[in-house]
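First comes the structure, then the notes that go with it.
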Amino acid sequence: MEKINTPAAGTWARDCELIDITLHKGLKISYHRDEDDTYWCIQCERIVAYKVINEEFSRAGYLINLPIDGAFFEILNSPWIREFGQEQDRILDKCKHYVLQFYDETIEIIAQYFVFEQLKEKPASNYNKKT
């Protein structure tokens with residue numbers, strides 16, 4: 001496992017609060033980074049799979065070994081990617097397994113890449129709204 005070093009990443013598991021998740025031309029995740037009171041967006045492209053795990057259940061299996069220092073990681077030699085078929089698959093060979101820890105959720109993503117963007121203001125949210 002490897003820590004993702006970027007100014008957008010949290011310094012510890014509960015440093016970032018998830019604001020919104022949107023599925024449109026990939027996966028878009030908006031969040032607030034508490035450490036420096038900034039807002040960020042992650043745009044994930046070419047997604048194979050993703051899952052959102054409640055914080056109380058996010059320390060099981062390979063996730064139990066996540067370091068305390070940091071909040072965004074890449075899982076090397078991912079067992080989750082291997083679940084999707086042969087390791088030499090032409091799509092999966094280009095993908096990585098990312099783990100993003102937020103205050104109350106952990107998001108795992110298998111995708112080819114993602115881009116961070118710092119936002120100038122708090123983004124609108126449909127996440128956590130009751131219907």
Side-chain angles (χ1 to χ4, degrees):
M1 142 179 4
E2 189 173 286
K3 184 170 134 180
I4 298 172
N5 290 313
T6 172
T11 57
W12 65 292
R14 299 186 89 182
D15 185 19
C16 297
E17 181 179 3
L18 182 63
I19 295 173
D20 197 38
I21 300 174
T22 307
L23 277 173
H24 179 69
K25 296 182 181 178
L27 183 69
K28 184 177 178 181
I29 301 167
S30 301
Y31 63 97
H32 175 252
R33 186 171 181 265
D34 193 46
E35 176 82 15
D36 58 4
D37 195 26
T38 55
Y39 294 96
W40 293 86
C41 174
I42 304 170
Q43 182 69 42
C44 305
E45 300 291 331
R46 300 203 172 201
I47 297 169
V48 171
Y50 74 95
K51 56 185 169 181
V52 180
I53 307 163
N54 185 292
E55 190 269 331
E56 285 84 7
F57 299 97
S58 64
R59 299 298 281 182
Y62 51 83
L63 297 178
I64 202 162
N65 296 319
L66 289 176
I68 295 171
D69 184 31
F72 295 176
F73 304 93
E74 178 185 340
I75 304 296
L76 305 173
N77 302 312
S78 166
W80 192 28
I81 288 178
R82 288 193 303 266
E83 287 179 19
F84 287 94
Q86 297 179 6
E87 293 182 49
Q88 300 302 319
D89 184 89
R90 63 181 179 80
I91 296 171
L92 293 175
D93 281 349
K94 298 174 185 172
C95 291
K96 295 182 180 182
H97 178 179
Y98 303 104
V99 175
L100 310 173
Q101 293 183 299
F102 296 96
Y103 191 84
D104 286 324
E105 302 87 4
T106 294
I107 300 175
E108 291 189 67
I109 304 165
I110 295 175
Q112 287 190 6
Y113 63 91
F114 59 83
V115 176
F116 291 98
E117 176 187 359
Q118 186 170 0
L119 305 174
K120 294 179 181 174
E121 58 188 31
K122 182 177 181 176
S125 172
N126 292 314
Y127 189 69
N128 286 330
K129 285 188 179 177
K130 297 185 180 185
T131 55

Got a second to check how far [X]'s [atom1] is from [Y]'s [atom2], nearest 0.5 Å?
X	Y	atom1	atom2	value
Leu100	Tyr31	CG	OH	8.0 Å
Ile29	Glu105	CD1	CD	10.5 Å
Gln101	Trp12	CD	CH2	10.0 Å
Tyr113	Cys44	OH	SG	10.5 Å
Lys28	Glu117	NZ	CD	7.0 Å
Leu92	Gln112	CG	CD	9.5 Å

More than 12 heavy atoms from other groups under 6.0 Å of [atom1] on [X]:
X	atom1	value
Tyr39	OH	yes
Lys51	NZ	yes
Arg46	CZ	no

Check for me, please, whether [X] and [Y] land in the same ILVMFWY cluster - side-chain distances under 4.5 Å, paths through other members count.
X	Y	value
Ile110	Ile91	yes
Tyr98	Ile64	no
Ile109	Tyr103	no
Leu76	Met1	no

If we only count heavy atoms from C-beta on, is the Trp40 to Thr6 side-chain gap below 4.5 Å?
->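 Of all side-chain heavy-atom pairs linking Thr6 with Trp40, none is under 4.5 Å.
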For this output row, return yes or no: ring centroids of Phe72 and Phe114 closer than 6.0 angstrom.
->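 They do not qualify: ring centres at least 6.0 Å apart.
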CA sep, side-chain torsions, deciding dist, call: Phe84, Val48, side-chain contact (heavy atoms from CB on, under 4.5 Å) | CA-CA 9 Å; Phe84 287 94; Val48 171; 4.3 Å; yes
Please say which of Asp15, Ile19, Leu18 ends up in a side chain to side chain contact (heavy atoms under 4.5 Å, CB included) with His32.
->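 Only one option passes, and that is Ile19.
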side-chain contact (heavy atoms from CB on, under 4.5 Å) between Arg14 and Asp34, intermediate numbers included | CA-CA 9 Å; Arg14 299 186 89 182; Asp34 193 46; over 6 Å; no
Of all the heavy-atom pairs spanning Ala8 and Cys16, show the shortest one and how long it is.
-> O-SG, 4.5 Å
For Ser78 and His97, work out which heavy atoms get closest and say how close.
->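 Here Ser78 and His97 meet closest at OG-ND1, 2.6 Å.
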For residues 60-71, pull every pair meeting side-chain hydrogen bond (donor to acceptor under 3.5 Å, both in side chains), keeping only residues two or more places apart or in separate chains.
-> Lys3-Asp69, Tyr62-Glu108
Are the side chain of Arg82 and the backbone of Asn77 linked by a donor-acceptor contact shorter than 3.5 Å?
->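 Checked: pair present.
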